[in-house]
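Remarks on the structure that follows.
Note that ligands are numbered from 1 as they come in the structure, with each ligand's atoms numbered from 1 the same way. This structure is a prediction, so every number in the text was calculated from the model and none was measured.
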Amino acid sequence: MCGIVGYLGSKNAYPIILEGLKRLEYRGYDSAGICLYNGNKLISNKSKGKISKLEKRISKLKTFHGNIGIGHTRWATHGEPNDKNSHPHSSNSNDIHIVHNGIIENYSAVKEELINKGFHFHSETDTEVLVNLIEYIQIKENVKLGEAVQLALNQVIGAYSIAAIDIKKPDEIVVARLGSPLCIGVGKDEYFIGSDATPFLDYTKKAIYLKDGEMAIIRNHKPTQYRKIADDSFTNPTVEKLEIDLAKIQKKGFDHFMLKEIFEQPSAVIDTLRGRLRLKKGIIKMSGIDDFIDKFLSTNKITIVACGTSWHAGLIAEYMFEKIAKISVEVEYASEFRYRNPVIDKSDIVIAISQSGETADTLAAIKLAKKQGAFVYGICNVVGSTISREADAGSYTHAGPEIGVASTKAFITQITILFLIAVKLGKSRGVLSSKQFREYIYELNSIKKKITKVLSSNDKIKKIAAKIKNATNCLYLGRGYNFPVALEGALKLKEISYIHAEGYPAAEMKHGPIALIDKNMPSIIIATNKLYYDKILSNVQEIKSRKGKIIAVVFEGDKEISKIADYTIEVPETIPALTPFVTTIPLQLLSYHIAVKLGRNVDQPRNLAKSVTVE
Ligand code: F6R
């Protein structure tokens, strides 16, 4: 949700910031802008649209360079995406420029006060209010940029990461964060700023992740100063060594990141299992669980909080945990949980699932759970992310960077971790016999091969996509473990193709959605579960007799449903708890090919951003 980049050193800042913004474009792509200090003055260029548009604009200028600068790629919150609302925003005197990721909640009250004091505004953004508040304080208190930023941030309510520069002190950049991520790349006599570390991976592998409530005055003439925003105490942050592989954030010959990430799923699952699934020893090793096993054994209830696709992974976990470990599970939208006065205390375990580890609602939900004494376990993909730091313990999914806005491999690796936990707890709680435990882990070990087999149906799925691409509505149906898969399939279609889709438990169809069925309404039915096979067969017949088109995902060698369905996608057979691994992937591919055929921007669908760091 907005990406921030900055540079301070002796190189030309423009290409560094521009390329850095391209790597952060997954965070927002409504508009972009860059402000540089060219040795004489601050020069700024910004516009509505993608970074490539900004690049074209700037390429027409004779000069646009400097050794210090800040840049921004936006996902609009306050004010529609247009040139005026683009960042960087400047103060009334044009001395101070800032880029901001987050929301200043009390901006309208502050704006009114500033207007009364003679300030004027050109945009509808909360950021322009913040930069003018900084300027007002700077003048009133006669302080430098760092102090003015600190004083201003103590007056605002909300979430932010910001980077600010001031013509009066052009050799420094002031950064701060609360609720939105920000890290500083430390080079030799140079500093880089990023919402994550990817913008500066080419230049340094050393990074400082600012903690919530911290700020830094980055300068090239004396040591950078790190301190808390709330008081004047200094902090001494640790410089971390980055392990991110640059090749992993490139497309590697695929047309889109999403397709690359779908095809990375077999190896992503292996990376998630590495070191954890120890077949020879017949154990699952997960230090996050092992170190707190007493808590997991004594709890009566696990609450899972997450949003979007991660919430769907949580729903699958509910089936896994209850069946395999006999633990009662509730799955909550983090956005609802945080405001619902949930009955949670110190005997509870709350599991937060988040690819980015930055989702504002999920973060707020775990803060609330912690406040009420619960033990919080984080399942995140992004290493060092805020949720992973806030949690009491946790597991990384190790899916590698996920750039496509629609989540694919993160989901598959989330359910991998959740299955490992379910089986591990099933064994530890004495629910599973050693034999059952071994059956589960051996089947899990074979899942990579099965996923690879599913991917070999890509061409067939592409042809099916061509047949249904003109539908305006689709129904996704599944039961048991495959009900959340139906929800996930519908979400994938909606977000990247803009076709309306609904996911339903198949048995619910007759309670309403069946009214929608006609020849124009394709139904995508997941019919792999043997337990419900006959019941789903009846649903298929009900749809067929109303002339609905049927795309069925079935196990290899299926006889009955394949005869009735218009199109079938066969997947290798596995145990019920692992069917989501093989049934989700055809739905990802189907959405992908439909979206491509409709000419959608698959990796950057409209109105979306990869990580939602605002409410
Ligand atoms: C859908 C998608 C979103 C995210 C949701 C939570 O493809 O990507 O629904 O799953 O915004 O994000 P994380 O997992 O980063 O907390």
Next item on the list: May I have all residue pairs that pass side-chain hydrogen bond (donor to acceptor under 3.5 Å, both in side chains) and include part of residues 454-463, sequence neighbours excluded?
Entry: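 Found Asn458-His593.
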Checklist line | Heavy atoms of other groups near Lys450 NZ, more than 12 under 6.0 Å | finding: yes
Margin query: Can you list everything that forms a side-chain hydrogen bond (donor to acceptor under 3.5 Å, both in side chains) with Lys467? Sequence neighbours excluded, please.
Written below: none
Are there any N/O pairs under 3.5 Å between ligand 1 and the protein, and if so, what are their distances?
from	atom 1	to	atom 2	distance (Å)
ligand 1	7 (O)	Thr309	OG1	3.3
ligand 1	7 (O)	Ser407	N	2.9
ligand 1	7 (O)	Lys492	NZ	3.0
ligand 1	7 (O)	Glu495	OE1	3.2
ligand 1	7 (O)	Glu495	OE2	2.5
ligand 1	8 (O)	Val405	O	3.3
ligand 1	9 (O)	Thr309	N	3.3
ligand 1	10 (O)	Thr309	N	3.0
ligand 1	12 (O)	Thr359	OG1	3.4
ligand 1	14 (O)	Ser310	OG	2.6
ligand 1	14 (O)	Gln355	N	2.7
ligand 1	15 (O)	Ser354	OG	3.4
ligand 1	15 (O)	Gln355	N	3.4
ligand 1	15 (O)	Ser356	N	2.8
ligand 1	15 (O)	Ser356	OG	2.7
ligand 1	15 (O)	Thr359	OG1	3.4
ligand 1	16 (O)	Ser354	OG	2.6
ligand 1	16 (O)	Thr359	OG1	2.4

Note to self: Under a 4.0 Å threshold between the charged nitrogen and the carboxylate oxygen, would Arg23 count as salt-bridged to Asp202?
What the structure shows: yes
Item checked: Candidate list Val485, Ile525, Leu587, Thr579, test side-chain contact (heavy atoms from CB on, under 4.5 Å), partner Val553, passing option -> Leu587
Notebook entry, point to check: Looking at residues at least two apart in the chain, or sitting in another chain, which of them share a side chain to side chain contact (heavy atoms under 4.5 Å, CB included) with Ala317?
Noted result: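 Here the qualifying residues are Ile304, Phe321, Leu418.
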